[in-house]
Amino acid sequence: MGKTGIIKAICISDIRGIQKTEIPSAVLRPDHGIEGDAHAGKWHRQVSLLSYDKIEEFRKRGADIEFGAFGENLVVEGFDFSSLPVGTQFRCGDALLEMTQIGKECHSHCAIYQVMGDCIMPREGVFARVLEGGTIHTGDMLVQVERTSPLPWQAAVITLSDKGAAGERKDESGPAIAKRLRAAGYEVVEEILQADNAAVLKKNLIRLCDQRQLDLILTTGGTGFSPTDVTPEATLAVADRLAPGISEAIRAASMQITPRAMLSRGVSVIRKKTLIINLPGSPKAVMESMDVFLDTIPHAMELLRGQKGDCGRK
């Protein structure tokens, strides 16, 4: 048995964006969430969890709050959820949960923030999806369990296109990338189509790296010389480290096809444990680019996950 905690409260609401109310027990449905809760559905944030210990620390600062005030579903004593990696699994009776995201962006400051000048949910709350269903009760034990299989490579695809985002042109490159990644065994968790906007791109990259902790993000578009092509600059702005060899290899291979490859400004970087690679905008060019690196980057992602420590050849 792994680390254990105790469920101190179960909370639900039938409307999103409001304080949740305590209930003594709940039914968890696979790939749905808690029956009767507004956040249940076929997505990755089906159940929210918050540490009882973090709530108690916040109360000691003078906050008069009840369970459910942060919008959390499960209050659990004994876990520091935000310190655990995405992919961590928990069992409570027959139910099995898998963590999918750490923290969330606060779009509008809640009542707690207005009073305290702070809210712990954006940084301490985590989210999970229900893999196996069951009934849970206040006072039940929540157990961290060992995964029965490795977490698959998880990726996101971001298409940068003003016309595509405006509905004036069909995005073909993004779906083509996602299809090829899935064929290679990746779990593509998000496909985003956005305008050529550096601020929005930076926000998406930070969220996908820090909160969803993805292995790989591929962008397509916005790497040329047009004044609106800002993908490389936005990518570099969120980088912890550079991985120039990947983009250099893409350009070198592409130069054998067209001399215009020298005009690509795409970059490759690392943020925390996520590899981000900029690809060109055309479906043909993205497939040619993926030919260059797709078989090689699993080794890099293993290193980022800490699964391998020796790059020496044998």
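With Gln46 contributing its side chain and Val130 its backbone, the two residues share a donor-acceptor pair below 3.5 Å. In this structure, Asp53 contributes its side chain and Gly78 its backbone to a donor-acceptor pair below 3.5 Å. With Arg16 contributing its side chain and Ala38 its backbone, the two residues share a donor-acceptor pair below 3.5 Å. In this structure a side-chain-to-backbone donor-acceptor pair under 3.5 Å is missing from Arg207 to Asp210. Although no hydrogens or angles enter the test, the distance criterion places no donor-acceptor pair under 3.5 Å between the side chain of Asp196 and the main chain of Asp229. Under a 3.5 Å cut-off, the side chain of Gln213 and the backbone N or O of Cys209 do not form any donor-acceptor pair. A distance-only check finds no donor-acceptor pair linking the side chain of Asp140 to the backbone of Ile7 [under 3.5 Å]. Remark: side-chain polar atoms of Arg251 are paired, donor with acceptor, to backbone N or O of Ser264 under 3.5 angstrom. Between the side chain of Gln101 and the backbone N or O of Gly103, at least one donor-acceptor pair lies under 3.5 Å. Side chain of Ser51 to backbone of Phe81: no donor-acceptor contact under 3.5 angstrom is found.
The distance from the CD atom of Gln154 to the CG atom of Leu181 is 12.5 Å, given to the nearest 0.5 Å. Summarising the geometry, atom CD belonging to Gln19 is positioned 9.5 Å from atom OG belonging to Ser13; distances are rounded to the nearest 0.5 Å. In this structure, CD1 on Ile206 lies 10.0 Å from CD on Gln211, to the nearest 0.5 angstrom. Note that CD of Gln194 and CG of Asp162 are 9.5 Å apart. Values are rounded to the nearest 0.5 Å. Here the straight-line distance linking atom CD1 of Ile270 with atom CD1 of Ile276 works out to 9.5 Å at 0.5 Å rounding. Here the straight-line distance linking atom CZ of Arg129 with atom CG of Leu96 works out to 10.0 Å at 0.5 Å rounding.
The minimum heavy-atom distance between Pro280 and Ser289, with the atom names listed, is CD-OG, 3.6 Å. When all heavy atoms of Ala234 and Leu205 are compared, the closest pair comes out as O-CD1, 4.4 Å. Here the closest heavy-atom approach between residue Leu160 and residue Ala195 is recorded as CD1-O, 3.4 Å. Pairing each heavy atom of Gly281 with each of Thr220, the nearest pair is CA-OG1, 3.6 Å. Contact record, Tyr186 with Ala155: CD2-CB, 4.1 Å, taken as the closest heavy-atom pair. Among all heavy-atom pairs drawn from Met301 and Leu216, the shortest one is SD-CB, 3.9 Å.
Side-chain contact check for Ser82 and Asp80: at least one donor-acceptor pair (N or O, by modelled atom type) lies under 3.5 Å.
Results of the side chain to side chain contact (heavy atoms under 4.5 Å, CB included) test with Asn73 over Leu49, Asp37, Ile10, Leu28 single out Asp37 as the only residue that passes.
With a 4.5 Å cut-off on side-chain heavy atoms, Arg147 and Glu98 count as touching. Taking 4.5 Å as the limit, some side-chain heavy atom of Leu279 sits within range of a side-chain heavy atom of Ile250. Side-chain contact between Phe79 and Lys54 is absent, with no heavy-atom pair separated by less than 4.5 Å. Contact of the Ile102 side chain with the Val86 side chain is registered, since non-hydrogen atoms from C-beta on lie closer than 4.5 Å. Between Glu56 and Arg59, some side-chain heavy-atom pair lies under the 4.5 Å cut-off. Proximity of Arg212 to Thr274: side-chain heavy atoms (C-beta onward) are nowhere separated by under 4.5 Å. A heavy-atom distance below 4.5 Å is not found between the side chains of Asn278 and Ser247. Val189 is not listed as a side-chain neighbour of His44, based on a closest heavy-atom distance of 4.5 Å or more.
One hydrophobic cluster holds both Val286 and Leu275 under the rule that ILVMFWY side chains link at heavy-atom gaps under 4.5 Å. Both Ile158 and Val238 sit in one connected hydrophobic cluster of ILVMFWY residues. Membership requires side-chain heavy atoms under 4.5 Å apart, directly or through other members. With hydrophobic clusters built from ILVMFWY side chains whose heavy atoms lie under 4.5 angstrom apart, Leu84 shares a cluster with Leu97. Taken together through direct or relayed side-chain contacts under 4.5 Å among Ile, Leu, Val, Met, Phe, Trp and Tyr, Ile297 and Val292 form part of one hydrophobic cluster.
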Quiz item: Passes side chain to side chain contact (heavy atoms under 4.5 Å, CB included), Glu190 versus Asn204? Steps please.
Solution: CA-CA 11 Å; Glu190 290 194 32; Asn204 278 324; 5.8 Å; no
Quiz item: Checking side-chain hydrogen bond (donor to acceptor under 3.5 Å, both in side chains) for the pair Asp171/Thr159: CA distance, chi angles, key distance, verdict?
Solution: CA-CA 8 Å; Asp171 172 30; Thr159 301; 3.0 Å; yes
Exercise. Given side chain to side chain contact (heavy atoms under 4.5 Å, CB included), test Ser48 with His39 step by step and report yes or no.
Key: CA-CA 9 Å; Ser48 57; His39 286 86; over 6 Å; no
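By the 6.0 Å contact criterion, CD on Glu168 is enclosed, its count of non-hydrogen atoms from other residues, nucleotides or ligands being greater than 12. Within 6.0 Å of the CD atom in Glu22, the count of heavy atoms belonging to other residues, nucleotides or ligands exceeds 12.
Between Phe58 and Phe70, the two ring planes are perpendicular [angle over 60°; tilted spans 30° to 60°].
Between Asp291 and Arg180 there is a salt bridge, with a side-chain nitrogen of the basic residue lying less than 4.0 Å from a carboxylate oxygen of the acidic one. Ionic pairing of Lys42 and Asp31 is present here: one or more N-O contacts between side-chain nitrogen and carboxylate oxygen are shorter than 4.0 angstrom.
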